[in-house]
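Below is one structure, written out as structure tokens; comments come after it.
In what follows, chains are A, B, ... by sequence order, proteins preceding strands, each numbered from 1. FYI, side chains are in, hydrogens and waters are out, and symmetry mates aren't considered; it's all heavy atoms of this structure.
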Amino acid sequence: MTTGPRFRFAPSPTGSFHVGGARTALHNWALARRLGGTFVLRIEDTDEARNRPEWTQGIIDALAWIGISADDPHFEGPHFQSEFADAHVEAARRLYEQGDAYYCDLTGEQVQQRAKELGASGYDGYSRDRGLEPGPGRVLRFRVPEGATVVHDLVRGEVSFDNSTIEDFVLLRGNGTPVFLLANVVDDIEMGITHVVRAEEHLPNTPKQQMLWEALGHEPPQWGHVPVLVNEQRKKLSKRRDKVALEQYRAEGYLADAMVNYLMTLGWTPPGAEESGSEIASWAEMEAAFRLHDVTHSPAFFDLKKLAAFNGDYIRAMPIEEFVARAVEELPAEWDRERFAAIAPHIQQRLVVFSEVPALVDFLFWPEGAPVVHDEASWAKAFGPQWAAPLLGDVIDAYAALEDWTADAVKGALEDVMARYELKLGKAQAPVRVATTGRSVGPPLFESLEVLGRDETLRRLRAARERADRAG
RNA sequence: GCCCCCAUCGUCUAGUGGCCUAGGACACCACCCUUUCAAGGUGGCGGCACGGGUUCGAAUCCCGUUGGGGGUGCCA
């Protein structure tokens with residue numbers, strides 16, 4: 001066990017990694033590294049329905065993707081909650097023997113029934129002084145002491161709870177298994193955790209857990225509750241309604257650095273943002289500057305548009321070789337890599353996510369001689385004007401006669417032709433673009449045609465000319 | 001219902017009593033550039049929820065209201 005503060009990240013395996021979890025993991029990671037401490041990964045695997053080995057690997061992979069590497073000396077784990085099963089039972093036994101907990105034979109339904117009759121809000125302490133022994137179906141409940149519990153939170157300061165509003169909560173189920181509240185605390189004690197940084201939804205659990213730490217004879221950890229991430233309805237991001245799987249963003253071609261940078265701006269401002277007019281910051285900068293004290297107190301909307309903007313920025317900032325290497329992953333196997341590399345510099349600044357790559361350049365990879373499928377709206381617009389078809393004819397002649405097939409030459413030839421029609425380039429390029437790419441938007445035309453090659457360009461141009469003539 | 005948290009442009013935020021006629025980013029709009037679309041440049045729109053205090057002075061401190069959120073399980 002290392003010295004220094006010990007942070008923990010304790011996800012339960014569910015088959016996908018939540019972006020909100022990613023953010024708290026990042027917070028813990030930044031703190032653990034900056035303070036020379038340890039980031040402990042503990043998988044909360046006690047719910048048997050959620051225990052699958054591949055899910056654990058999924059968590060490790062997701063963490064690694066956002067830079068939290070299991071190979072880093074500050075990383076410890078994975079540990080599993082199930083490792084501490086004996087300690088959970090032992091802690092419960094101790095609490096019972098100390099008189100800090102007692103058994104109760106009421107079922108959940110009976111508790112509700114009583115509360116209803118009494119007009120109380122929850123369990124009323126019915127078995128507190130009944131001296132019940134352990135037994136099947138009997139739950140162990142914590143005897144909440146009188147007074148108040150004050151939680152010192154690194155994000156929000158002092159939060160105080162009147163203990164009379166906290167019911168005697170369950171520690172051990174009727175079947176003897178521990179509930180989250182107990183297991184979580186015992187795990188943290190066993191692992192020597194000093195800092196519990198997690199989402200705000202756990203704040204109401206905190207006084208209960210703090211009492212448990214104290215009853216078990218330990219000084220409670222430093223707490224830090226960061227605000228939750230919400231959707232446009234301002235509800236907590238949920239797996240059911242919202243796109244929350246980190247894996248999905250990764251698959252769509254979001255860059256890990258962009259995701260990390262964006263996530264960190266939620267509830268916190270990276271250093272230098274004000275002066276530079278940019279929230280783009282490296283992990284090293286953010287790690288060095290991150291303080292829980294500076295984290296905002298209110299929920300943050302997870303904004304896809306802003307994430308996209310970050311991603312576009314990061315894509316544009318990539319060295320071209322790196323960009324090509326990443327973009328190529330999106331291409332069908334049969335597409336020529338060299339041909340793609342030739343056009344790559346022209347699409348880099350037009351991307352938001354990498355999954356858009358194939359659709360941007362597909363016209364360069366259609367099988368030789370295949371008919372161009374024209375987008376009809378684009379065709380109608382480009383070939384609406386009277387001059388379009390004749391101009392296309394002249395362009396064909398000019399291209400056929402061209403000595404060099406370079407972007408500059410191709411552009412020059414079109415300019416010569418369009419001058420006779422008294423057209424501007426913006427207009428004149430339209431029929432050529434639609435004829436060769438099928439669409440009215442795309443990468444720069446002449447560079448594209450250079451890559452396409454003279455023969456294929458001419459073939460597509462002639463096919464379009466024929467179609468235009470046929471239409472009259 | 002009860003407990004807790006929160007409240008600055010549409011969104012993310014800067015702001016910790018005077019530097020604020022409230023700054024930045026994303027989005028949006030306009031213009032410039034231009035080979036379509038982007039990118040880039042310039043400019044614009046737009047906010048301290050409300051009401052009381054405290055103070056010479058409040059976005060900043062206190063109280064209340066309203067509004068949002070979270071929790072309230074023998075889930076985690």
Side-chain angles (χ1 to χ4, degrees), chain A residues 10-12 14 44 46-47 49-50 81 104 106-108 111-112 115 119-122 137-141 151 153 155-156 159-162 164-167 169-181 183-184 199-207 225 227-228 230 232-236 262 265-270 273-280 294 296-310 312-313 316 346-352 360 378 382 407 411 414-415 424-430 432-434 437 439-448:
Chain A
S12 44
T14 61
E44 309 260 302
T46 43
D47 185 346
R50 315 182 167 181
Q81 182 158 75
C104 175
L106 254 35
T107 64
V111 169
Q112 273 190 11
S121 64
R138 292 181 175 177
V139 298
L140 183 68
R141 287 183 178 271
V151 170
D153 190 283
V155 175
R156 1 184 58 98
V159 185
S160 150
F161 298 82
D162 185 338
S164 67
T165 66
I166 303 174
E167 65 177 29
F169 52 95
V170 170
L171 262 20
L172 251 31
R173 300 186 183 98
N175 64 8
T177 59
V179 302
F180 157 78
L181 247 20
N184 199 254
E200 191 193 345
E201 62 204 76
H202 288 288
L203 192 51
N205 289 327
T206 309
H225 290 89
V228 293
V230 298
E232 46 287 304
Q233 276 85 239
R234 300 245 119 217
K235 303 278 190 209
K236 192 171 72 160
Y262 174 62
T265 67
L266 263 20
W268 183 71
T269 305
E274 185 82 1
E275 304 81 75
S276 67
S278 166
E279 293 173 310
I280 303 290
D294 298 331
T296 310
H297 297 184
S298 38
F301 171 50
F302 186 76
D303 186 354
L304 272 318
K305 280 197 173 166
K306 191 152 181 180
L307 205 214
F310 269 76
D313 270 341
R316 271 171 251 126
H346 302 290
I347 65 166
Q348 185 170 8
Q349 75 216 72
R350 279 158 239 266
L351 284 182
V352 170
L360 261 180
S378 300
K411 182 185 180 196
L414 177 61
E415 283 171 336
K424 292 242 170 75
L425 196 48
K427 280 193 179 300
Q429 56 92 39
V432 179
R433 179 182 291 278
V434 174
T437 72
R439 297 182 290 264
S440 57
V441 299
L445 218 214
F446 310 113
E447 289 75 3
S448 297

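- Rounded to an integer number of Å, the gap from A:H297 NE2 to B:rU8 P is 13 Å.
- Residue A:P11 is classed as having no contact, given no heavy-atom separation below 4.0 Å to the nucleic acid.
- Base-pair partner of B:rU66: B:rA7 (Watson-Crick or G-U wobble, both distances under 3.5 Å).
- Of the candidates B:rC5, B:rG69, B:rC74, the closest approach to any side-chain atom of A:R156 belongs to B:rC5.
- Note: CD (A:E167) to C1' (B:rG73) measures 9 Å, nearest angstrom.
- Where A:W268 and A:K305 meet RNA chain B, the nucleotide closest to each residue was compared, and A:W268 sits on the side nearer the 5' end.
- In this model, no side-chain donor or acceptor of A:R234 finds a partner on the base of B:rU11 within 3.5 Å.
- The base of B:rA27 has none of its N or O atoms less than 3.5 Å from a complementary donor or acceptor on the side chain of A:K306.
- The CZ atom of A:F302 sits 13 Å away from the C1' atom of B:rU11 (whole-angstrom rounding).
- Base pairing of B:rU54 is not made with any nucleotide, judged by Watson-Crick or G-U wobble geometry with both donor-acceptor distances under 3.5 Å.
- Taking a pair to require two hydrogen-bonding distances under 3.5 Å in either a Watson-Crick or a G-U wobble arrangement, B:rC74 remains unpaired.
- Regarding A:R350, its CZ atom lies at a distance of 10 Å from the P atom of B:rU36, rounded to whole Å.
- Within 4.0 Å (heavy atoms only), A:E279 reaches at least one base atom of the nucleic acid.
- For A:E44 and B:rA76, a side-chain-to-base donor-acceptor distance below 3.5 Å is absent, hydrogens and geometry of angles not being considered.
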